[in-house]
Structures are given as C-alpha cells and as structure tokens.
Amino acid sequence: MSDQRDKILSCACELYLTDGLDGFSMRKLARQVGVTAPALYRHYESREHVLTDLVREAYRAFSAVLYRALEGRTPVDRFRRAGEGYLDFALGEERWYSLLFIPAEQMGMAELPADVEAMGCAIHQFWVDRVRECMDAGCFKAGDPVQVSLTMWAHAHGLISLYLGGHFRMDAEAFRVLFEESSLRMSMGLATDEFAEGLTGRGSAIEPAGVTS
C-alpha cells in the first residue's frame, strides 16, 4: 500500500469501528486523514469503495499470516501453525480481525465484490484442508472435514470474541493459556486414540513423536 492509502484505510477503519456506518462519511474521513474531501475522492469514489478496500486489506493481512503455516513439515505441524497464526492475528491485529466478520449489509452493500468473497472462500478452504489432511494422516477421527473445521472455528472465534469484548478479566498472556488449554481439550475429542495418547503440552494440536506423514 502507498503511504497515503495506508493512512486513509487506517483512519477509515478507526472511524467505522468507532462511529459505525451511520457516522461514516467521506467528509468526516477526509478531516481525520487531514485532506480535503475532493482530495480524498481522487483515491476513492465513495464510502462503499473505502469500506470494500478495508475488508479486502483485512483479508490480505489475515491470509498472509495463515498461509505461513504451509511451511510446516507435517499435517499436524501445519494445523498447529495455522492455529497459532490465527490467535496471533486476532490479538495483534484486532481492528483487521473485527472487519473479517462484518456482514456486507452492515457496510451498506448488498454483497461484497467477487474478489473479496473469493478471499473468504479461500480461507475457509484452507481450514478444511488442514482438518482433512490431519484426518488422512490418522491424527483426527474420520468425519466431514467441513463440519469439523466449522466447529473448531466456532470454538476459536467464540473464545476470541468474548475476550476482545471484555468478558474475560485477564491479560493477553493469560488468555493465550486459556485459549490453548481449551483448544487442546477440543483436539483431544477429535483425535484418534493413538494420536491422543501422544498429545503433550499445550496448544490446539501438538505433534507427538512419530507423526511424519
């Protein structure tokens, strides 16, 4: 991103999350950026274009973090790295994270552009693939990887949303411990008996010795 676009999106994100759609206007955004409204329109045609670019940038940032997990050597290592990346992004990039789950209607749009929808679908498929390959490797019990990935995502997103919403009176490090221990309990329920016996330590999935497929 250019410095000016980066500044516009940063201010737009703050403005939208603070004032909502009703309080979001190009004129108000221009004041926060420190430019005139006509100058802002040289970058974006409307507030809908700004908001769309916000969501697009959130998906790009999220994808960049998640896809690093593909550097893992094994299915479980890739799954573990993906879970760690998810938590790191949610806690370290809270504003971007919150934008990932705002319905298009709440931003004044009937639907998101096709390229943004495709980003969301790719992330969903990424998680399904992580679950499927753990099943294929005999680490998770056989089942529908789509349904299992949705269940695991609901667990992770639910805990994170409660924490970010101020419902847990603890600091970030204490929440990490809570999140990892809770995720481990879920993983134990999904793991095959053989794999469950090798789970040690904390984390959404810890690779035991001998799992190399």
Self-check item: Qualifying ring-ring contact (aromatic ring centres under 6.0 Å, His included) pairs with a residue from residues 20-59, counting only residues at least two apart or across chains
Solution: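 Counting only pairs at least two positions apart or across chains, no ring-ring contact (aromatic ring centres under 6.0 Å, His included) contact touches residues 20-59.
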Quiz item: Tell me, which pairs form a ring-ring contact (aromatic ring centres under 6.0 Å, His included) where one or both residues lie in residues 99-124, sequence neighbours left out?
Solution: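 Counting only pairs at least two positions apart or across chains, the ring-ring contact (aromatic ring centres under 6.0 Å, His included) contacts touching residues 99-124 are Y97-F101, F101-W153, F101-H157.
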Quiz prompt | Reference residue L9; test side chain to side chain contact (heavy atoms under 4.5 Å, CB included); the match among V33, D53, L51 | solution =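 Per the side chain to side chain contact (heavy atoms under 4.5 Å, CB included) rule, the option paired with L9 is D53, out of V33, D53, L51.
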Practice problem: Pick out which of R47, M26, R27 makes a side chain to side chain contact (heavy atoms under 4.5 Å, CB included) with L40. | Solution: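 For L40, the side chain to side chain contact (heavy atoms under 4.5 Å, CB included) check succeeds only for M26.
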Self-check item: Residues D144, R132; criterion salt bridge (Lys or Arg N to Asp or Glu O under 4.0 Å); working and verdict
Solution: CA-CA 8 Å; D144 183 345; R132 179 184 287 111; over 6 Å; no
Quiz item: Between E57 and R5, is there a salt bridge with N-O shorter than 4.0 Å?
Solution: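 Answer for the salt bridge query: yes.
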Quiz prompt | Cationic N near anionic O, under 4.0 Å, R176 to D88 | solution =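 Salt bridge flag = yes for D88 with R176.
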Would the distance check show the side chain of [X] and the main-chain N or O of [Y] forming a donor-acceptor pair, the cut-off being under 3.5 Å?
X	Y	answer
R130	F79	no
K141	G189	yes
S149	W127	no

Exercise. Step through the shown structure and confirm whether more than 12 heavy atoms of other residues, nucleotides or ligands are within 6.0 Å of CG on D171.
Key: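 Check passes, neighbour count above 12.
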Self-check item: Q4 and I8, any side-chain heavy atoms less than 4.5 Å apart
Solution: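 I8 vs Q4: side chains touch.
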Quiz item: Can you name the residues that form a side-chain hydrogen bond (donor to acceptor under 3.5 Å, both in side chains) with D115, not counting sequence neighbours?
Solution: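 Expected list: R56.
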